[in-house]
Structures are given as structure tokens and as C-alpha cells.
Amino acid sequence: MANLRGLIFDVDGTLAETEELHRAAFNQAFDETGLGWHWSRDTYRELLRTTGGKERIARYAGESGVTVSDIPALHRRKTAIYGERIAEGGIALRPGMQNLIRTARANGLLLAIATTTTRANVEALFTATLGADALNWFAAVCTANEAPVKKPDPQVYMLALEILGLAPEECLAFEDSANGLKAAIAAGIPTIVTPSTYTVGEDFAGAAVVLESLNMPASAPFGATAPADYGHLAALLLTGHI
Ligand code: XBP
Ligand code: MG
């Protein structure tokens with residue numbers, strides 16, 4: 001891959017395995033509001049095909065024949081619960097992610113976030129993992145707040161490219177889901193997929209590469225020759241396979 005200048009990251013499932021916390025937050029919000037809904041893992045796996053929490057609630061309400069009077073308020077409560085649970089700790093970035101972000105930054109690559117989740121959730125995750133300041137390392141932080149049309153629509157990726165001022169072929173996207181991959185591909189961005197617990201087995205046709213995880217030591221230099229033990233990603237990047 002020539003002229004790599006930017007890395008664009010999805011959040012849920014890619015930076016961290018957050019979906020079980022999202023599911024717990026949805027369920028607690030449903031309890032508190034007396035809806036009596038409980039989303040099991042199997043139900044949630046199916047519901048994840050609908051990206052965005054508000055959209056997911058609306059779909060489930062529709063399929064259940066229930067009218068929810070104020071979905072935005074219910075979703076705000078879910079977001080508050082999620083933030084509290086993230087702040088409790090216990091969530092780490094996926095293997096290799098910290099090193100990739102730090103190494104890319106040290107080597108002058110631009111960083112961006114392109115996610116369908118709510119901005120407050122991204123801030124909570126960064127504060128609990130890389131530190132509150134780390135979001136400032138990202139030249140573009142594009143979330144549901146800035147790009148309301150959710151993946152697989154490419155809106156959020158197009159916005160990230162616009163803010164970065166880069167062409168899609170100068171970037172790599174990191175995704176965990178088929179919907180996310182479709183969005184990145186539609187924006188023209190080569191995409192590395194690391195499937196997450198909820199997305200294993202989805203169709204990742206069109207990905208530049210599918211890796212079980214990223215696993216790269218902090219010392220791996222972009223732009224230099226990669227010793228074999230620098231890990232999958234660095235090796236693929238530096239040997240021109242992606
Ligand atoms: C994953 C999602 C999100 C979360 C819930 O987004 O679909 O909707 O499940 O977040 P991504 P909200 O992988 O693009 O980060 O409730 O804030 O919508
Ligand atoms: Mg994701």
C-alpha cells in the first residue's frame with residue numbers, strides 16, 4: 001500500500017469488546033422504564049444487524065408491536081448507564097490496539113474515529129483505557145452525533161476523510177462487522193477486519209485482510225523493513241500486501 005497517511009478506527013467491537021456492556025445498559029434501561037424487555041445474547045446478535053441504539057430500540061419495538069413514547073429519552077438513559085459501567089473499569093482495548101495507535105501516532109500517521117455509537121460513549125471508553133487526553137490524538141472523531149446516517153451508509157467515513165483531508169486510498173480502516181466493512185468500502189477505504197465476539201462468521205468479502213486480532217509491539221516502525229516478528233499487521237503493511 002503506497003502513501004499510507006491515516007488510520008480510521010471503528011469503536012464498538014474493534015477498539016474494544018464493548019457490546020456486552022451496551023447490552024447490559026439497554027437491559028437496565030428497559031428495567032428502569034418498566035418495559036419488561038430483556039435482550040439475550042442471541043437476540044442481541046440478531047439486533048446488532050441494525051446499527052445504532054435508537055434504531056435498534058425502534059426496530060425491536062416495531063417487531064414487538066409496542067409503542068415506545070420517547071425513544072430518545074430511553075436511549076439517553078441507556079447512554080448514561082453505559083458511561084457509568086465503562087467508568088467502573090474492566091474494559092481494555094483489544095490486543096495490539098494500544099500499540100497500533102501509539103506507534104501510528106509516533107510515526108506521524110493521522111488518526112480518526114468513525115463510529116455509529118454516541119460520542120459520550122467514545123469519550124467514556126477513551127477515558128477508561130488510553131486516558132482522557134487520548135481523544136485529542138485523533139484529528140477526526142466522527143460519531144452518531146456528527147454523522148446520524150448509520151453504517152452501512154458511508155456517511156461517517158466520508159466525514160472522517162473530509163476532516164482528515166485525505167483520499168480514501170491514503171487511509172486504512174479498522175472494522176469488526178460486515179456493516180462497518182460495507183460502510184468503509186463504500187467510502188473507498190481499504191479495510192482490515194478483526195471480527196469480534198458478536199461478528200465472527202459474518203461475510204467480510206471485500207476486506208483487505210481479516211485478522212483474528214492485531215498484535216504489534218510498540219516499536220514496530222512504519223516505513224521501515226519489518227522483521228518477521230513485528231506481527232501480522234506491520235508485516236502485511238510493510239511488505240506491500242495491503
Ligand atoms: C456499534 C453500534 C452501536 C452500539 C450502541 O457501532 O451499532 O450502535 O451498539 O451504541 P460501531 P449507541 O461498531 O460503529 O462503533 O446506543 O450509542 O447507538
Ligand atoms: Mg463495530
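Remember, predicted model here, so these are calculated numbers, not experimental data. Quick note: residue numbers are just sequence positions, from 1. Just follow the structure's listing: the first ligand is 1, and inside any ligand the first atom is 1.
- Defined by atom type and a distance below 3.5 Å, a donor-acceptor pair is present between the side-chain atoms of Asn145 and Thr143.
- Of the candidates Asn145, Thr117, Asp10, Thr116, it is Asp10 that places a heavy atom closest to atom 13 (O) of ligand 1.
- Remark: among candidates His22, Glu19, His75, the nearest residue to atom 12 (P) of ligand 1 is His75, based on non-hydrogen atoms.
- Ionic pairing of Glu202 and Lys182 is not present here: no N-O contact between side-chain nitrogen and carboxylate oxygen is shorter than 4.0 angstrom.
- The six-membered or imidazole ring of Phe126 lies near that of Phe138, with a centre-to-centre distance under 6.0 Å.
- For atom 4 (C) of ligand 1, the closest non-hydrogen atom of the protein is Asp12 OD2, 3.6 Å.
- In terms of protein heavy-atom proximity, atom 7 (O) of ligand 1 is closest to Arg56 NH2, 2.7 Å.
- For Thr118, heavy-atom contacts with ligand 1 shorter than 4.0 Å involve the backbone as well as the side chain.
- Side-chain N or O atoms of Asp203 include one that pairs as donor or acceptor with a backbone N or O of Ala205 at under 3.5 Å.
- In this structure, the side chains of Glu19 and Thr197 stay at 4.5 Å or more apart for every pair of heavy atoms.
- Residue-level proximity to ligand 1 for Asn121 is carried by the side chain, the only part with a heavy atom below 4.0 angstrom.
- Counting backbone and side-chain atoms alike, Asp176 contributes an N/O/S atom closer than 2.8 Å to the Mg ion (ligand 2).
- Under the 4.0 angstrom criterion for non-hydrogen atoms, Lys150 is not in contact with ligand 1.
- A centroid separation of 6.0 Å or more is found between the aromatic rings of His38 and Phe30.
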